[in-house]
Protein chains: 2
Amino acid sequence: MKLKEAFELIKSNLGKKLVIVIGKCRVRYEGRATSKLSEGDRVLIIKGDGTFLVHQNSGMAAINYQGPGSVARAELNAFLRIISERKSKKLNERIDVDFSSVDFAGSFDLIDDKQISIYGSEKDLSNLLLQDLNIVESGLVPVQQESSFLKGRMDIVARDREGRLVVIELKRRQAEFSAVTQLKRYVEELEKRKNEKVRGILCAPGISKNALSMLEKSGLEFSKLDYAIEKEVIIKGLEKKQKTLDFY
Amino acid sequence: MKLKEAFELIKSNLGKKLVIVIGKCRVRYEGRATSKLSEGDRVLIIKGDGTFLVHQNSGMAAINYQGPGSVARAELNAFLRIISERKSKKLNERIDVDFSSVDFAGSFDLIDDKQISIYGSEKDLSNLLLQDLNIVESGLVPVQQESSFLKGRMDIVARDREGRLVVIELKRRQAEFSAVTQLKRYVEELEKRKNEKVRGILCAPGISKNALSMLEKSGLEFSKLDYAIEKEVIIKGLEKKQKTLDFY
DNA sequence: GCGATCAGCGGCACG
DNA sequence: CGTGCCGTTGATCGC
């Protein structure tokens, strides 16, 4: 495909349709960082909202990118240059893609107002647990959920069978140091606010050895959260199930 | 484009070339979570390494995805169904994309062995700072960089003009709670190890009000890092520059 | 708008 | 392989 042909197609569709260009190109980026990528075959996608993505033939992430709101334009000289700029008060960012040859260029009018629905997020697990905190510890009664204060946002607050306040921090994957310090912060803040002793329970499918050590040294507790997400979400601790058939 | 035509093209190129399919489809995902996305126009990209990306016409991130090593296959019935599976000991994941119509399907042999070079990462700033820690505070002398211990990895360790140990945690953007707790953890661990008082300096372009409050309450310090990355990296504190012309 | 946190985070580097 | 953590993180939700 001729560069000029690609240029015309891109020029007349940028900002309207989704544009795809595939070919041999170099890429430069300047903004929050600086990058260069010498010549090779890549896929360039420019979305209707300005999103600008340069993909190589491997890896999940775009090798160079610019978010929604960016403005793209094309220039034709020795190369077909496609530029994406994003300007804000604090920062200007720019990507230059120089195509020396184009294998394919096309534009597509994508009609799509649908939003994805995801089930199995931390919030979903939290809601499920809230229905029966006995899964975490017998006798726990929820006090409030996601209570926000200036120091952050707690997942679950409850009282144990002896009436003590308990903060529960939920993680959907292996817990690390950050989860421990996060929980510690909430516990300390809540103790100060309520002026009473507060327990902290980290509830996750696993925890690293060092994080566990730090957790215990801080007087906090770990509760293994055994869950599976298939056609239904199953928290194995107490055979707790929530059918998600209606989800489909 | 006929579904059968697209099917044949995809079938004969999956696992070899990069495949792109654009059309009206539904998407389901089951694995670490569960998701569904009802019918709309999307772009599907399957890379040579198995990476599987479903993009809508807006937003940077793929709405559904599967990483390298996934295996894709196609089936033709009432729909053109493209399936990507990723199996591991701990988890099986699967995406189903059902196309009811296809606007475009193509395969591309992308030759690209080039790697991106990026300048301006936290590590780069760290290296730059290490050349003259006076930028952070007059009299600082580096002891070590990126020293790992069981509790994490410290960016920079130095001694101040009075011989006290100083841990410097560097952030390339606005610092938050996590940066403070991270630094606090390092300082406490180093104090225990060395059995001496250790200072902690959080070095970032900015810090949130609450994080600063927590920092100060913890006896730690903040040092504003005024840097810009253009054709050269400039740390404004002491007019410290590093030319990066050779980077191009 | 800032701020705090989640994410199906991904990816990397080091033990 | 686990682990800690950075990322041009992005995306979301609350204030």
Side-chain angles (χ1 to χ4, degrees), chain A residues 29-35 51-52 59-68 70 86 88-95 116 118-126 146-155 169-180 182 185-186 206-212 229, chain B residues 29-35 51 58-68 86 89-91 93-95 116 118-126 146-155 169-179 182 185-186 206-212 229:
Chain A
Y29 163 71
E30 205 167 288
R32 281 172 286 182
T34 288
S35 78
T51 299
F52 191 96
M60 270 214 27
I63 196 66
N64 278 109
Y65 58 87
Q66 199 111 247
S70 309
R86 179 159 52 161
S88 74
K89 271 178 295 188
K90 308 192 68 172
L91 185 68
N92 292 339
E93 293 181 283
R94 173 174 171 152
I95 297 179
I116 195 170
I118 299 181
Y119 192 78
S121 68
E122 186 192 286
K123 190 65 190 300
D124 293 322
L125 290 178
S126 175
E146 291 262 342
S147 96
S148 284
F149 49 69
L150 294 177
K151 289 276 162 61
R153 201 180 71 250
M154 292 176 290
D155 286 339
E169 176 60 32
L170 202 58
K171 289 293 168 203
R172 70 189 311 291
R173 60 177 188 175
Q174 178 92 343
E176 300 171 12
F177 281 131
S178 61
V180 177
Q182 200 181 343
R185 179 154 48 90
Y186 297 154
I207 183 169
S208 76
K209 195 170 162 294
N210 291 329
L212 179 60
I229 298 173
Chain B
Y29 162 71
E30 204 167 290
R32 281 171 286 182
T34 288
S35 79
T51 299
S58 66
M60 270 212 30
I63 195 65
N64 278 109
Y65 56 88
Q66 200 107 250
R86 181 160 49 161
K89 271 178 295 187
K90 307 192 68 171
L91 185 67
E93 294 182 283
R94 174 175 170 151
I95 297 179
I116 195 170
I118 299 182
Y119 192 77
S121 68
E122 187 192 282
K123 187 67 189 300
D124 294 321
L125 290 178
S126 173
E146 289 253 342
S147 82
S148 286
F149 52 72
L150 294 177
K151 287 276 162 60
R153 198 181 75 251
M154 294 176 290
D155 286 338
E169 176 60 33
L170 200 59
K171 289 292 169 203
R172 68 189 310 288
R173 60 178 189 174
Q174 178 92 346
E176 300 171 12
F177 279 130
S178 61
Q182 205 181 333
R185 180 154 44 91
Y186 298 155
I207 183 168
S208 76
K209 196 170 161 293
N210 291 328
L212 179 60
I229 298 173

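Sequence lines set the chain letters: A, B, ... in the order given, protein chains first and strands last, and positions in each chain run from 1.
Look at the P atom in both C:dT5 and D:dT8: the space between them is 22 Å, to the nearest Å. Annotation: D:dG4 and C:dG8 have their P atoms spaced 22 Å apart (nearest Å).
Distance A:Asp124 CG to D:dC13 P: 12 Å, rounded to the nearest Å. Counting to the nearest Å, the P atom of D:dC5 and the CE atom of B:Met154 are 11 Å from each other. If you take CD1 of B:Ile116 and P of D:dT9, they are 13 Å apart, rounded to a whole angstrom. Put simply, CD1 on A:Ile207 is 12 Å from C1' on D:dT3, counting in whole angstrom units.
Taking side-chain N and O atoms only, B:Asn210 has a distance below 4.0 Å to OP1 or OP2 of C:dA4. For the pair A:Lys171 and C:dC6, the criterion of a side-chain N or O lying under 4.0 Å from OP1 or OP2 is met. Taking 4.0 angstrom as the limit, B:Tyr186 places a side-chain polar atom (N or O) nearer than this to OP1 or OP2 of D:dC5. Contact check, B:Gln182 against D:dG4: no side-chain N or O comes under 4.0 Å of OP1 or OP2. Between B:Ser208 and the phosphate of C:dA4, there is a side-chain N or O to OP1/OP2 separation shorter than 4.0 Å.
A:Arg172 contributes a side-chain N or O that, together with a main-chain N or O of B:Arg32, makes up a donor-acceptor pair within less than 3.5 Å.
Nearest-nucleotide positions on DNA chain D for B:Asp155 and A:Gln174 put A:Gln174 closer to the 5' end. If you find the closest nucleotide of DNA chain C to A:Lys90 and to B:Glu176, the one lying nearer the 5' end belongs to A:Lys90.
Rounding to the nearest 0.5 Å gives a distance of 10.0 Å between CD of B:Glu176 and CD1 of B:Ile207. Taking CG from A:Asp124 and OH from A:Tyr119, the interatomic distance works out to 5.0 Å, rounded to the nearest 0.5 Å. From B:Ser58, atom OG reaches atom CD1 of B:Ile63 across 8.0 Å, with rounding to the nearest 0.5 Å. Between the NZ atom in B:Lys123 and the CG atom in B:Asp155 there is a gap of 10.0 Å [rounded to 0.5 Å].
A:Lys89 comes within 4.0 angstrom of no nucleic acid atom, judged by non-hydrogen atoms across all strands.
Residues A:Val180 and B:Arg185 have side chains not in contact (no heavy-atom distance under 4.5 Å, counting atoms from C-beta outward).
Take B:Arg86 and apply the side chain to side chain donor-acceptor pair (under 3.5 Å) test, not counting sequence neighbours, and it matches B:Glu93.
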Produce a footprint string for nucleotides 7-15 of chain C: one letter per nucleotide, 5' end first; B if the base is under 4.0 Å from any protein heavy atom, S if only the sugar-phosphate is, - if neither. SBBSS----
